[in-house]
There are 2 protein chains.
Amino acid sequence: MTIDTSGRNVPWSPTLEEVAALAGVSSSTASRVINGSPRVTEETIARVNAAIAKVGYVPNRAARNLASRRTQNVAMVIPEQTAEFFADPYFAEVIQGAAMHASSSDYFLSLLIESEHEPHRTRQFLRRGNVDGALVLSHHSASSSYRDLARTLPVVFGVRPPGEYGDAVHVVDVDNVAAGALGTQHLIDRGRRRIATITGPLSTSAGRDRMQGWSDAIAAAGLATGAQEEGDYTPSGGAAAARRLLDADGSFDAVFIASAQMASGALTVFNERGLRVPVDVAVSTVDNNVFSTSSTPRLTTVDVHTSEKGATMMATIIRLISGEQVPAETRVPIDLIVRESTVL
Amino acid sequence: MTIDTSGRNVPWSPTLEEVAALAGVSSSTASRVINGSPRVTEETIARVNAAIAKVGYVPNRAARNLASRRTQNVAMVIPEQTAEFFADPYFAEVIQGAAMHASSSDYFLSLLIESEHEPHRTRQFLRRGNVDGALVLSHHSASSSYRDLARTLPVVFGVRPPGEYGDAVHVVDVDNVAAGALGTQHLIDRGRRRIATITGPLSTSAGRDRMQGWSDAIAAAGLATGAQEEGDYTPSGGAAAARRLLDADGSFDAVFIASAQMASGALTVFNERGLRVPVDVAVSTVDNNVFSTSSTPRLTTVDVHTSEKGATMMATIIRLISGEQVPAETRVPIDLIVRESTVL
DNA sequence: CTGAAAGCGCTTACAG
DNA sequence: CTGAAAGCGCTTACAG
């Protein structure tokens with residue numbers, strides 16, 4: 001092995017000075033070219049770029065960070081609700097989208113797990129200049145403590161934090177009311193008239209908003225409000241809610257289920273009880289992932305473009321870090337994908 | 001907003017010099033205390049630590065990195081097979097484990113997505129001193145190109161890369177042969193005699209090893225080799241393999257399925273064909289995640305402690321970076337979890 | 001055990 | 001448009 005056992009990396013890399021010498025300019029000028037300063041001659045730019053290409057120069061990140069007082073680091077803050085968090089492909093997709101975008105930019109995306117015992121430590125870490133910005137992903141109100149952080153550090157939320165705030169908070173999210181309405185309207189369009197719902201946790205804004213969309217669509221169609229049961233975004237939670245729905249009433253011909261994971265659990269219950277999907281009960285849901293494509297039947301769903309959401313969060317924080325004006329709210333588009341759970 | 005629109009973070013933070021002044025020592029000595037140098041008086045240590053606590057000092061990472069020529073950054077390299085990669089909770093769990101460990105250490109875990117078009121760019125990036133080490137997660141032979149990287153940068157593999165190599169390659173993984181044997185032996189212990197298998201992709205070592213374990217256990221018990229079909233770790237791939245298994249023969253009373261995702265697809269098929277699990281067919285699998293706990297029936301499985309694997313990878317790379325001697329191979333423990341798919 | 005000094009490799013006012 | 005110079009905040013031989 002040629003790994004330096006002192007523990008330091010010693011990758012050979014030319015320095016800015018060498019590049020500058022080769023190009024016949026000062027390192028100040030070479031630096032300007034690298035950082036895209038406007039006031040440099042075309043010719044100088046060409047000479048420096050040629051030198052860079054020739055020696056394969058790559059700037060030293062630490063030196064650059066120290067001099068410029070930036071870190072080129074963005075943290076994705078993740079709550080430590082271990083199991084629940086990563087069992088849901090939703091979060092993995094957001095992270096993936098953000099990581100993809102980071103890889104094509106000049107930024108690093110670091111994963112920061114927030115300890116439940118010392119959440120204060122995480123915020124302190126963020127405030128101490130370790131990162132240029134933070135992406136906050138949390139369904140719960142813990143994120144409210146990040147509103148304060150947003151006053152001293154660029155922060156982008158993946159979920160609208162609870163409470164009051166002005167333009168100081170930047171959010172990237174889908175319109176969950178619209179998502180709920182879209183999934184429900186499709187059931188109405190397929191001729192269903194008694195439409196129940198299995199909601200997400202009503203302690204979350206996404207849970208409440210999707211339910212609102214369901215209820216809005218039903219009201220707009222002049223139908224009677226259907227039954228509702230609350231789930232927790234897991235398959236077993238969806239199964240339990242489906243059982244309660246059937247035990248309480250059972251006179252519905254369709255269900256809008258607020259997540260594909262819950263829908264997969266509900267399908268199991270409908271199957272156990274001898275209900276045919278979509279003949280007896282049509283099912284529409286939200287999330288286009290393995291749970292909606294691997295179920296039997298496959299699920300009609302509102303695609304909320306989760307990976308794109310992650311990419312947009314990253315793009316937004318970069319703009320914020322650069323000092324650009326960014327709208328307080330960015331909407332990720334939604335689409336309906338029709339499959340066998342509503343149409344044979 | 002008090003965000004500096006120049007784009008720079010200006011978090012107030014005391015400097016080392018201020019800490020040193022407060023403690024009545026030089027910044028050299030303060031630095032030694034912070035870095036745990038052995039040759040400092042107990043009393044000096046106490047004074048410096050008191051000063052640190054008093055002003056809430058946190059070292060500037062960039063300065064430290066520049067001076068010490070380290071980055072405190074570890075990259076998790078992820079292949080860009082987008083959908084497939086993140087649909088599998090396995091990967092998310094590994095990442096989570098690594099991120100947890102990083103958060104409790106002094107290191108950052110960055111996610112680096114390797115572009116399919118320019119994999120060379122990723123390796124170049126890694127070689128140029130942007131990180132102190134890399135964690136490579138790939139089921140496929142693309143990882144072979146990282147064997148070269150491992151000669152100049154500490155690298156830990158989550159899967160044994162193909163080909164020949166000596167101690168220059170560090171791997172953290174479960175013993176997949178043992179995992180296959182454990183899952184299969186349990187079926188034998190439950191009195192099953194005709195045991196089929198649905199394997200992972202045989203292009204991967206994990207796929208081949210788990211199959212080997214299945215075959216070893218059967219041979220050791222003096223039973224006849226059962227039928228086998230290859231899957232791709234997805235539910236639909238598992239379902240397709242189950243269909244082929246039933247169509248070809250169907251005379252098995254148990255199946256060892258190499259992943260819980262595939263098992264969930266297979267259960268659907270058994271159900272369609274009117275086979276009762278575990279009465280007609282007992283099923284054991286690998287991975288203790290939502291796919292094994294949310295299925296009907298719930299799945300007996302070999303827990304391969306995936307999150308712990310991620311944490312161990314991170315711990316290992318840190319030791320490697322520190323210049324410690326680390327065994328070429330670290331085994332993650334496995335356990336059998338018995339559920340209703342093999343026992344009523 | 002401790003300090004003065006040099007240096008890590010860049011960026012950025014300040015002049016010109 | 002370009003260069004000389006200072007400085008970012010640490011670490012680390014080198015002396016003592």
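Side chains are part of it too, since the values below use all heavy atoms of this structure and drop only hydrogens, waters and symmetry mates. We name chains A, B, ... by the order of the sequence lines, and we start the count at 1 in each one.
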Rounded to whole Å, CD of B/Glu17 lies from P of D/dC8 at a distance of 9 Å
Taking only the side-chain nitrogens and oxygens of B/Tyr57, find out if one of them lies under 4.0 Å from OP1 or OP2 of D/dG9. no
For A/Ser31 and C/dT11, is the shortest distance between a side-chain N/O and OP1 or OP2 below 4.0 Å? yes
Roughly how far, to the nearest 0.5 Å, is OG1 of A/Thr330 from CG of A/Asp173? 10.0 Å
Answer with base, sugar-phosphate or nothing: what part of the nucleic acid does A/Ser28 contact at a heavy-atom distance below 4.0 Å? base
Rounded to whole angstrom units, what separation is found between the CZ atom of B/Arg69 and the C1' atom of D/dC10? 14 Å
B/Asn35 CG - D/dG9 P separation (whole Å): 17 Å
How about CD on B/Glu17, more than 12 heavy atoms from neighbouring residues, nucleotides or ligands closer than 6.0 Å, or not? no
OP1 or OP2 of C/dT2 versus the side-chain N and O atoms of B/Thr44: is any pair under 4.0 Å? yes
Phosphate contact (C/dG3 OP1 or OP2) by B/Ser26 side-chain N/O below 4.0 Å: yes
Could you check whether B/Arg61 gets within reach of a base, just the sugar-phosphate, or nothing at all, counting any heavy atom under 4.0 Å? nothing
In short, A/Ala102 meets A/Met314 closest at the heavy-atom pair CB-CE, 3.8 Å
Let me know the distance between CG of B/Asn65 and P of D/dC10, rounded to the nearest Å. 11 Å
Quickly work out the B/Arg32 CZ to D/dT11 C1' distance and round it to whole Å. 9 Å
By nearest-nucleotide position on DNA chain C, the 5'-leaning member of B/Pro38 and B/Ala63 is B/Pro38
For C/dT2, take OP1 and OP2 only and decide whether either is under 4.0 Å from a side-chain N or O of B/Thr41. yes
Starting at CD of B/Gln96, measure out to CD1 of A/Ile78 and round the result to the nearest 0.5 Å. 8.5 Å
Would you tell me if any nitrogen or oxygen in the side chain of B/Thr29 comes within less than 4.0 Å of OP1 or OP2 on C/dC1? no
Can you measure B/Arg64 atom CZ to C/dC10 atom P for me and round it to whole angstrom units? 21 Å
Rounded to whole Å, the CG-P distance (B/Leu66 to C/dA6) equals 17 Å
Looking at the side chain of A/Val40, which of D/dT2, D/dT11, C/dT2 is the nearest nucleotide? D/dT2
Mind checking the C1' distance from C/dT12 to C/dG16? Whole angstroms is fine. 16 Å
C/dC1 - base-pair partner by Watson-Crick or wobble geometry, distances under 3.5 Å: D/dG16
CD1/A/Ile317 to CZ/A/Phe157 distance, rounded to the nearest 0.5 angstrom? 9.5 Å
Just the rounded figure in Å: distance from P of C/dG7 to CG of B/Leu16. 20 Å
